[in-house]
Amino acid sequence: MDLFDYMREQNMEKESPLAQRMRPTTLEEVVGQKHIIGKDKLLYRAIKADKIGSIIFYGPPGTGKTTLAKVIANTTSSIFTQMNATTSGKKEMEQAITEAKNNQGMYGKKTILFVDEIHRFNKAQQDYLLPFVEDGTVVLIGATTENPYFEVNGALISRSNIFELKPLSHEDLKELIQRAVYHKEKGMGDYDAVITEEAVDFLADMAEGDARSALNAVELGILTTERSEDGKIHLTLSVAEECIQKRAFKYDKNGDNHYDTISAFIKSMRGSDPDAAIYYLAKMLDAGEDISFIGRRIIICASEDVGNADPQAIQVAVACIEAAERVGMPEARIPLAQAVTYIAGAPKSNASYLAINNALSTVKYQSVSGVPNHLRDCHYKGAAKLGHGEGYQYAHDYPYHYVKQQYIPDTLVGTTFYEPTENGYEKKVKEYLEFLKTL
């Protein structure tokens, strides 16, 4: 490094965004993630002992994946090399591996290779790293916002410890915000700013677990707010509201949060919690989720989880989804909300769902005799001469429009697929079927 490189690094460090300057350099400075870096946890002990194996950090943006990699870089005696999968190609990878081999051979030094956004590497690039991870040429630390079990080579996964980082808690974010405002070395303490408790609470709430979002808002507020008569910059609630006007929802239509949210949405309807279901609906709509995607899940839930306990649920669902697709957003939110609250508030039964699953399993895995002869069609050419349909009894010719006769194949006599519950309208279905057995 020459003088100009040194001066450039010094200037970049001073002028870099607050979120960058606030990155911890030691484990003690890290806020949150105690489930993996608490003092009794494996990762804490491994970092302290400088005995790091290959690791993949997985979690939403702003939760500290790169931060933990930097902490490892500051505590390890190994050589630390970093690359970003969005900008690095095979040439950079080959160069990193060559340097790692040289450091190992000439100096006996291990190399930790940190790959940010590792899910951006294609299969061939990930395969290239595998033998060097396997033979210890490099210790891999990968960071990804995507589920590594879907996006990272299975062989790399099997040779790495997976650590999932969680969104920072409200209290964690409050601590970071206070530190950002008042810390003189890493924060903006030299600006002589003060922040109200209401503003801290608001920013911590709106950041939705994302430290970077909260710190960006603090920096914007301090840099754009005029000093008051007392010479201080006052970060009030109104200033905070201007700096972060939209909640930092983590919702990638192709990512984990997409699937987690729709899963919570369906389970809330199934669990008869309309408030939770409406919240997840609002979250998806705010993120621009496709109305048809949401609608399909509502219709499925109406049939799978409500079923005959309230036969109108499927009618309400289909009608509301059709209405929503016709009118479009923003008005579509209203029929969608009607369908969601109706289904969440309806009595529940999955008896029909279980019945078809059990029947399909029987069809697939069990040898079953054919259609009973008296149920076979007798109208096509020659069928009547073969005796097809002979002995069939027409139900409407009998009291209650019912007559006892065998409908199920011979080998399945006595089998029950549909077992009505005691919930809602299905209780009447159950009572009616039991009544027919007495005739």
Side-chain angles (χ1 to χ4, degrees), residues 259 261-274 277 280-281 290-322 324-325 336 338-377 389 392-396 400-439:
Y259 294 105
T261 302
I262 196 67
S263 174
F265 174 61
I266 294 167
K267 289 171 182 174
S268 297
M269 287 191 290
R270 179 185 299 144
S272 301
D273 189 334
Y280 292 117
L281 172 64
D290 181 18
I291 292 174
S292 296
F293 172 81
I294 298 173
R296 288 194 296 272
R297 270 60 191 177
I298 293 173
I299 292 170
I300 292 168
C301 188
S303 188
E304 176 183 343
D305 298 305
V306 177
N308 289 333
D310 184 349
Q312 289 192 84
I314 188 68
Q315 299 175 32
V316 171
V318 171
C320 286
I321 302 316
E322 184 176 339
E325 291 177 343
L336 287 173
Q338 180 183 352
V340 167
T341 52
Y342 188 96
I343 291 167
K348 302 297 189 294
S349 170
N350 67 342
S352 298
Y353 166 76
L354 294 176
I356 186 59
N357 283 354
N358 291 336
L360 284 170
S361 179
T362 297
V363 168
K364 188 172 184 179
Y365 299 110
Q366 188 172 334
S367 177
V368 177
S369 56
V371 175
N373 188 67
H374 62 283
L375 300 182
R376 299 176 72 177
D377 184 83
Y392 171 67
Q393 301 174 78
Y394 187 58
H396 296 295
Y400 302 103
H401 298 253
Y402 172 78
V403 60
K404 282 186 177 180
Q405 65 181 329
Q406 180 185 328
Y407 292 96
I408 204 162
D410 293 341
T411 53
L412 293 179
V413 170
T415 300
T416 300
F417 292 114
Y418 178 52
E419 298 183 10
T421 68
E422 296 281 342
N423 294 338
Y425 179 79
E426 198 164 44
K427 181 178 181 180
K428 294 184 177 180
V429 175
K430 182 176 184 178
E431 291 172 349
Y432 176 69
L433 293 176
E434 289 176 348
F435 164 72
L436 294 180
K437 293 177 182 178
T438 67
L439 298 178

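This is a predicted model, so every value here is computed, not measured.
The stretch residues 430-439 participates, sequence neighbours left out, in these side-chain hydrogen bond (donor to acceptor under 3.5 Å, both in side chains) pairs: E422-K430. Judged as a side-chain hydrogen bond (donor to acceptor under 3.5 Å, both in side chains), the pairs with a partner in residues 309-321 (not counting sequence neighbours) are, in order, D310-Y342.
The closest donor-acceptor contact from the side chain of Q405 to the backbone of Q393 lies under 3.5 Å. Between the side chain of S369 and the backbone N or O of T411 there is at least one donor-acceptor pair closer than 3.5 Å. Using modelled atom types, no side-chain atom of K427 and backbone atom of A309 make a donor-acceptor pair closer than 3.5 Å. At distances below 3.5 Å, at least one donor-acceptor pair connects side-chain atoms of K404 with backbone N or O atoms of L439. For the pair S303 (side chain) and I300 (backbone), a donor-acceptor distance under 3.5 Å is absent.
Distance CD/Q406 to CG/L412: 9.5 Å, rounded to 0.5 Å. Rounding to the nearest 0.5 angstrom, the gap separating the CD1 atom in I314 from the CD1 atom in I298 is 11.0 Å. Between the OH atom in Y402 and the CG atom in L433 there is a gap of 9.0 Å [rounded to 0.5 Å]. Once rounded to the nearest 0.5 Å, the distance linking CD of E325 with SG of C320 reads 11.5 Å. Separating the CG atom in L281 from the CE atom in M269 is a distance of 8.5 Å, to the nearest 0.5 Å.
For the pair P372 and I408, the tightest heavy-atom approach, listed with the atom from each and the gap, is CG-O, 3.6 Å. Y407 and V403 make their closest contact through OH-O, 4.2 Å (heavy atoms, listed as atom of the first residue, atom of the second, distance). The nearest pair of heavy atoms linking C301 to R270 is SG-N, 4.2 Å. G370 and P409 make their closest contact through O-CB, 3.7 Å (heavy atoms, listed as atom of the first residue, atom of the second, distance). Scanning both residues, A317 and A339, for their nearest heavy atoms gives CA-CB, 4.3 Å.
Side chains of E304 and I266 form no contact here, defined as non-hydrogen atoms less than 4.5 Å apart. Looking at heavy atoms from C-beta onward, V318 lies in side-chain contact with I299 at the 4.5 angstrom threshold.
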Are V340 and F265 close enough, and set up right, to give a side chain to side chain contact (heavy atoms under 4.5 Å, CB included), and what steps lead you there?
CA-CA 9 Å; V340 167; F265 174 61; 3.5 Å; yes

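Every residue two or more places apart in sequence or in another chain that forms a side-chain contact (heavy atoms from CB on, under 4.5 Å) with A324 is listed here: I291, A332, P335, L336. By the side-chain contact (heavy atoms from CB on, under 4.5 Å) test, K428 is found to be paired with Y425, residues two or more places apart in sequence or in another chain being considered. Applying the side-chain contact (heavy atoms from CB on, under 4.5 Å) test to S263 and every residue at least two apart in sequence or in another chain returns K267.
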For residues 349-363, run the donor-acceptor check on the side chains, cut-off 3.5 Å, and write out each pair with its distance to 0.1 Å, sequence neighbours left out.
{"from": "S349", "atom 1": "OG", "to": "A351", "atom 2": "N", "distance (Å)": "3.2"}
{"from": "S349", "atom 1": "OG", "to": "E426", "atom 2": "OE1", "distance (Å)": "2.3"}
{"from": "S349", "atom 1": "OG", "to": "E426", "atom 2": "OE2", "distance (Å)": "3.4"}
{"from": "N358", "atom 1": "ND2", "to": "L354", "atom 2": "O", "distance (Å)": "3.2"}
{"from": "T362", "atom 1": "OG1", "to": "N358", "atom 2": "O", "distance (Å)": "3.0"}

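Within 6.0 Å of OH in Y400 there are 12 or fewer heavy atoms belonging to other residues, nucleotides or ligands.
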